[in-house]
Amino acid sequence: MAIPQTFIQDLLARADVVEIVGRHVQLKKGGANFSGLCPFHSEKSPSFTVSPTKQFYHCFGCGKNGNALGFLIDYAGMNFVEAVKDLAGQYGMQVPEDDASPGDRARAAEQRQKQATLNDVLEKAGAAYRKHLKGSPRAIEYFKRRGVSGEIAKQFGLGYAPEGWRSLASVFPEYDDPLLAESGLVIVNEEDDKRYDRFRDRVMFPIRNVKGECIGFGGRVLGDEKPKYLNSPETPVFSKGRELYGLFEARNAMREHGYALVTEGYMDVVALAQLGFPNAVATLGTACTPDHVQKLFRFTDSVVFSFDGDAAGRRAARKALDGALPYATDVRTVKFLFLPAEHDPDSYIRANGAEAFQRYVQQAVPLSTFLLEAAGEGCDLASAEGRSKFATQAKPLWMALPEGALKLQLRGEIAGRTQLGEHELLGLWGLGGGTGKPARQRSGAGSYGTRPFGSGRRQAIKPKSIALAEHIARFVLRNSEGWAGLTDTDHHLLCELEAPLGDLFSWIDTQFHEHGGQPWAALQMGVQEQPFAELAQRLIDLDNMQPSSAAVIPEEEIGPGDLLRSMRGIHLDAVAAQIAEADKLPRSDPAREERLRELSLRQKALMQLGGNTGS
């Protein structure tokens, strides 16, 4: 969905960041600004400031900052589009959808209305389940036996679904309403069209989204009948592959405790909240997915997966590893906690105490260690065959990691265990290098994704290349998804350009690896405090003007072809500069002729590529 930039600006002009933040943080007036305890980290004295004149918030403790939209993204865990819609709704503004046809807009509006209606139906059922709990001694006894207090039961909205086949008929007089089946509350027998309640004689756990809306239920039997657990089916408002039980209740505790604890069931979450670990969530009867991990990293930079120590727990942990790898950046921590086979978190804490469990959490296995363990499954590293198998199994795991120091270190670890050099390992994996010669290093020192602004080698840049580089910067600033259309070699060259362009590209690269593709409205919030903010704003403002330099491609909609042609021009200028530099070497230097020959071939190849980058 493309939201016009003009609408974003109008929305931010109407929204009051003090009002938005003040709904969640107790603010006190102090001079021109407001201050309070930061909602993003635990603190005893206020370091969180909100400026009504700048319409900006900033924490001097943890560094979080942004505008009203940024606060909704950081605090409520919404993505950019969700935050725009939520903020627009608060001020009675309709979000335009310029790229949608009238029919598409009508269908989208109908879908939104249906989702809101389904949420209402589920909320009404949840209220009925809570009421039934009060009248069920068996259900109350079950929760008491599990150590659940009335306060925790209220916090999580726990309830009880009675034994009858059509108990919800007393809540919804129109029991044949299609919405009851679509919400997953009622099952319809297709053969005879008979209807009955999905949840019967079960304690009920409402599943909420990050905004606190009820989107489904989990039900557990009071005894040992099968199935023990039952979830709502997939609906327009509920997808178990994307939702986490307890996330709404745990989101603030994650920030306070500094990590999220991922468990395997609703009762684990409820019991842990009761026992001093309110930062726990649970998957909903499915393996942990990348969507789950991405959602967790909206609220915290540290995730601990807790599993049983048996074979099933190990399999679940292996799937969680696959989901976590793409998001394991250098600033995030992922660990795996394996309890003794006879315990779950609830039983372990009751048997050994909260402090013992906390020590277990602190000693959890780091992602790097578990990755190497997973790669080595079934491998005898004392034999050449076992080491070969290890290298093969390690490749997809290592490839899934984002660029950064962790990935570089693990490459060395894997090479060491296979008794290969790193260049030989890369050659084996088909990623460069070979069996006899070192792999050709990418330009630049280390990983461009972790380059501090202003550091490392810098390429001199001609006026024509400046125009081409600014053209590329405008493209990727509009939506950083365009960064994926360039190669690693392109990335390195752009990040090595002289400041401020090189610094801007380094920042864009870091943002892309940590957050994926983002539109300018989202990037704008993060770039405001950077030394190249003025350059970025100027480039975006050029969208409304004719370019002043003839070197810039005529202004129309910038496309991937323009991007590649601009990149090719920068590569050609860089090679020309390198040829001039090599030509200055003494003629007696044996490396001179080889270097000039190599650069000339590179230059010729670039000129022959036409529309390609030559990377």
Side-chain angles (χ1 to χ4, degrees), residues 114-209 212-240 243 245-246 248-249 265-271 282 284-285:
K114 175 175 283 188
Q115 290 174 343
T117 304
L118 288 174
N119 289 141
D120 291 341
V121 168
L122 291 162
E123 290 284 2
K124 191 173 182 180
Y129 293 145
R130 290 192 293 274
K131 184 177 179 181
H132 286 306
L133 174 62
K134 295 177 181 178
S136 173
R138 286 177 60 244
I140 293 173
E141 175 58 28
Y142 172 82
F143 282 128
K144 283 184 176 180
R145 191 169 67 251
R146 298 296 299 265
V148 178
S149 68
E151 181 182 353
I152 291 294
K154 181 178 180 181
Q155 178 185 340
F156 284 87
L158 305 183
Y160 171 69
E163 295 181 75
W165 286 85
R166 295 167 62 97
S167 298
L168 286 176
S170 62
V171 182
F172 301 97
E174 296 182 11
Y175 193 71
D176 58 351
D177 187 336
L179 286 172
L180 294 180
E182 195 167 357
S183 65
L185 292 170
V186 167
I187 295 175
V188 180
N189 189 318
E190 295 182 359
E191 294 182 2
D192 55 13
D193 199 35
K194 288 187 176 179
R195 299 163 183 264
Y196 54 93
D197 293 356
R198 179 180 299 275
F199 300 102
R200 304 180 306 280
D201 194 24
R202 291 176 181 266
V203 287
M204 299 296 290
F205 302 80
I207 302 165
R208 296 162 172 159
N209 61 20
E213 300 167 333
C214 184
I215 56 175
F217 291 96
R220 190 200 189 282
V221 295
L222 300 179
D224 295 322
E225 304 91 282
K226 303 295 181 182
K228 183 181 291 186
Y229 291 101
L230 183 64
N231 283 326
S232 290
E234 301 280 312
T235 71
V237 296
F238 176 62
S239 171
K240 60 185 179 182
E243 303 297 340
Y245 177 72
F248 173 72
E249 292 81 4
Y266 335 105
M267 273 310 305
D268 285 334
V269 173
V270 174
L284 294 159

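Relative orientation of the Tyr266 and Phe205 rings is parallel, given thresholds of 30° and 60° on the angle between their planes.
At a threshold of 4.5 Å between non-hydrogen side-chain atoms, the residues Pro236 and Leu118 count as touching. Using a 4.5 Å heavy-atom cutoff, the side chains of Val270 and Tyr245 are in contact. At a threshold of 4.5 Å between non-hydrogen side-chain atoms, the residues Val148 and Phe156 do not count as touching. Here the side chains of Leu222 and Tyr160 are in contact, with some heavy-atom distance below 4.5 Å. Under the 4.5 Å side-chain criterion, counting only non-hydrogen atoms from C-beta, Leu122 is not in contact with Thr235. Side chains of Ser183 and Phe238 form no contact here, defined as non-hydrogen atoms less than 4.5 Å apart. Contact check for Tyr229 versus Val221: no side-chain heavy atoms found under the 4.5 Å cut-off. Tyr129 has its side chain within reach of Leu168: a pair of non-hydrogen atoms, C-beta onward, lies under 4.5 Å apart.
Taking CD from Glu151 and CD from Gln155, the interatomic distance works out to 7.0 Å, rounded to the nearest 0.5 Å. The structure places CD of Glu213 at 9.0 Å from CG of Asp120, a figure rounded to the nearest 0.5 Å. For the atom pair OG of Ser136 and CD of Glu141, the computed distance is 10.5 Å after rounding to the nearest 0.5 Å. Going from atom CZ of Arg220 over to atom CE of Met267 covers 8.0 Å, rounded to the nearest 0.5 Å.
The minimum heavy-atom distance between Ile207 and Gly218, with the atom names listed, is CD1-N, 3.9 Å. Counting all heavy atoms, side chain and backbone alike, Met204 lies closest to Ala161 at CG-N, 3.6 Å.
A donor-acceptor contact shorter than 3.5 Å links the side chain of Glu123 to the backbone of Cys214. Within the 3.5 Å criterion, the main-chain N or O of Lys240 finds no donor-acceptor partner in the side chain of Asn231. Of the possible donor and acceptor atoms, one in the side chain of Arg202 sits under 3.5 Å from a partner among the backbone N and O of Lys228.
Scored by the salt bridge (Lys or Arg N to Asp or Glu O under 4.0 Å) test, Glu182 finds Lys114 as partners (sequence neighbours excluded).
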Distance-only criterion, 3.5 Å: show the donor-acceptor pairs between side-chain atoms of residues 169-179 and protein atoms not counting sequence neighbours.
unit_1	atom_1	unit_2	atom_2	d
Ser170	OG	Ser167	O	2.8
Tyr175	OH	Asp197	N	3.1
Tyr175	OH	Asp197	OD1	2.5
Asp177	OD1	Leu179	N	2.9

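Arg138 and Tyr142 are not linked by any side-chain donor-acceptor pair at a separation below 3.5 angstrom, with hydrogens and angles left out of the test.
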